[in-house]
Amino acid sequence: MNPELLAPAMMIASGSIHAVVNAILKGGRDKMAGRAIIDGSSALILLPATLLVPLPAAAWPWIAGTALVHCLYLYSLVRTFDASDYSAAYPILRGTAPLVTAALSIGLLGEPAGARELAGIALIGGAMFVMVLGRHIGRAGLGWALLTGLTIAGYTVIDAHGVRAAPTPHSYIVWMFVLMGMSTVTMFALLSRGAIFASAARQWRPGVAAGALSIVTYGLALLALAIGPTAPLAALRETGMVTALVIATLFLGEKVTRGRALGVAGILAGAVLILL
């Protein structure tokens, strides 16, 4: 497949799978334990692959940086879901991310982007916020959701540069997941003073499934970023909000409001602008 079509296709698929992972996390009783299981199992699954891929060489600083930012992201994500409803918080954190990513990658780092792509990015980001019209979210939930969106933008830009600096994309993917999983489990174990391990024993099955899906979702995103521009692709990943809405409606018993319907239409319109 043409790289110009392959990268967007991988990113759109990544967004849909990512919504499933976050729904599994939201459905768990102990969010810290759930996230530790997800990232720890991802690391264990890919650990044998470290023998099959080269060391990331020049990408080590990027991997270290993304591990740190991912830890902050995961902590703020857990706090977001603890403090607010999935359907109210998720559009805010995912809507913030593409706008900040574009500001960093285009405005600060000088990556090229056309007017049509910029319009599509703005439309997708704005449509996310339309989806929460009429939804209540407390000040704490809003603050954590916005911080989560900022960290998503941060690790997206870091990983876009890191995966291009590595000897191969697969080398970066494998070593990043292993290091990130070790860091995440360590962080949540320290924060909970070891309590996550007792909770993990009661909810490990969905967490392991989500861990495998995490490899697929973010692996696809990194493969896309290795061959395509950062900001438009990051925005396309937010089409996963359509999947998130389906999950919230069918499995969480939430209603499709006018704001949500308009938001989905805006996301799809923005994606069309980027893909044209």
Can you list the steps and then say if Thr148 with Thr80 is a side chain to side chain donor-acceptor pair (under 3.5 Å)?
CA-CA 8 Å; Thr148 304; Thr80 299; 3.2 Å; yes
Are Tyr155 and Tyr218 close enough, and set up right, to give a ring-ring contact (aromatic ring centres under 6.0 Å, His included), and what steps lead you there?
CA-CA 11 Å; Tyr155 74 64; Tyr218 204 53; 5.6 Å; yes
Asp159 and His70: side-chain contact (heavy atoms from CB on, under 4.5 Å), yes or no, with the steps?
CA-CA 11 Å; Asp159 286 335; His70 264 95; 3.6 Å; yes
Which is it for Ser16 and Thr239 under the side-chain contact (heavy atoms from CB on, under 4.5 Å) test, yes or no, and what are the steps along the way?
CA-CA 7 Å; Ser16 292; Thr239 55; 5.6 Å; no
Run the side-chain contact (heavy atoms from CB on, under 4.5 Å) check on Ile158 and Val69 step by step: do they pass?
CA-CA 9 Å; Ile158 290 172; Val69 176; 3.7 Å; yes
Take Thr96 and Val100, measure what side-chain contact (heavy atoms from CB on, under 4.5 Å) needs, and give me the verdict at the end.
CA-CA 6 Å; Thr96 304; Val100 178; 3.9 Å; yes
Start with the C-alpha distance between Glu111 and Thr230, add both sets of side-chain angles, then the distance that settles side chain to side chain donor-acceptor pair (under 3.5 Å), and finish with yes or no.
CA-CA 8 Å; Glu111 288 194 16; Thr230 305; 3.0 Å; yes
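You'll find the side chain of Pro229 reaches within 4.5 Å of the side chain of Leu233, heavy atoms only. The shortest distance between side-chain heavy atoms of Arg164 and Ile227 does not fall below 4.5 Å.
Contact between Ala57 and Pro167 at its shortest, heavy atoms only, is CB-CG, 4.3 Å. The minimum heavy-atom distance between Gly263 and Ala127, with the atom names listed, is O-CB, 3.3 Å. Across all non-hydrogen atoms, the minimal contact from Ala145 to Ile92 is CB-CG2, 3.9 Å. The shortest heavy-atom contact between Ile63 and Met176 is CG2-CA, 4.1 Å. The two atoms that bring Pro8 and Leu275 nearest to each other are CB-CD2, 3.4 Å, heavy atoms only. Arg202 approaches Ala198 most closely through the heavy-atom pair NH1-O, 3.5 Å.
Side-chain atoms of Ser76 come within 3.5 Å of backbone atoms of Tyr73 as a donor-acceptor pair (strictly under, hydrogens ignored). Side chain of Ser41 to backbone of Ile38: a donor-acceptor contact under 3.5 angstrom is found. For the pair Glu117 (side chain) and Gly114 (backbone), a donor-acceptor distance under 3.5 Å is present. Between the side chain of Thr66 and the backbone N or O of Trp62 there is no donor-acceptor pair closer than 3.5 Å.
Taken to the nearest 0.5 Å, the CG atom of Leu123 stands 13.5 Å off from the CZ atom of Arg116. Atom CZ of Arg35 sits about 4.5 Å away from atom CG of Leu74, to the nearest 0.5 Å. Remark: Ser105 OG to Ile121 CD1 distance equals 7.0 Å, nearest 0.5 Å. Here Leu77 contributes atom CG and Leu72 contributes atom CG; the two are 11.0 Å apart, rounded to the nearest 0.5 Å. Distance CE/Met11 to NE2/His18: 11.5 Å, rounded to 0.5 Å. Atom CG in Leu213 sits 9.0 Å away from atom OG in Ser42 (nearest 0.5 Å).
Met32 and Trp204 fall into different hydrophobic clusters, defined by Ile, Leu, Val, Met, Phe, Trp and Tyr side-chain heavy atoms under 4.5 Å apart, directly or through other members. Using a 4.5 Å cut-off between side-chain heavy atoms of Ile, Leu, Val, Met, Phe, Trp and Tyr, with links allowed through other members, Ile37 and Ile215 fall into different hydrophobic clusters. The cluster map of Ile, Leu, Val, Met, Phe, Trp and Tyr, joined by side-chain heavy atoms under 4.5 Å apart, puts Leu68 and Ile173 in different clusters. Under the 4.5 Å side-chain heavy-atom criterion for Ile, Leu, Val, Met, Phe, Trp and Tyr, Val246 and Ile12 are members of the same hydrophobic cluster. A continuous path of Ile, Leu, Val, Met, Phe, Trp and Tyr side chains, each step under 4.5 Å between heavy atoms, connects Ile274 with Leu268, placing both in one hydrophobic cluster.
Every residue meeting the side chain to side chain contact (heavy atoms under 4.5 Å, CB included) condition with Val216, not counting sequence neighbours, appears here in chain and number order: Ile17, Leu220. Thr168 is linked by a side chain to side chain contact (heavy atoms under 4.5 Å, CB included) to Pro54, His170, Ser171, counting only residues two or more places apart in sequence or in another chain.
Side-chain rings of Tyr172 and Phe177 stay apart, their centers remaining 6.0 Å or farther from each other. The six-membered or imidazole ring of Tyr75 lies near that of Trp144, with a centre-to-centre distance under 6.0 Å.
With Arg237 as the partner, the side-chain hydrogen bond (donor to acceptor under 3.5 Å, both in side chains) test is satisfied by one option alone out of Thr101, Thr217, Thr156: Thr217. Screening Leu179, Thr186, Val185 against Ser183 for a side chain to side chain contact (heavy atoms under 4.5 Å, CB included) leaves a single residue, Leu179.
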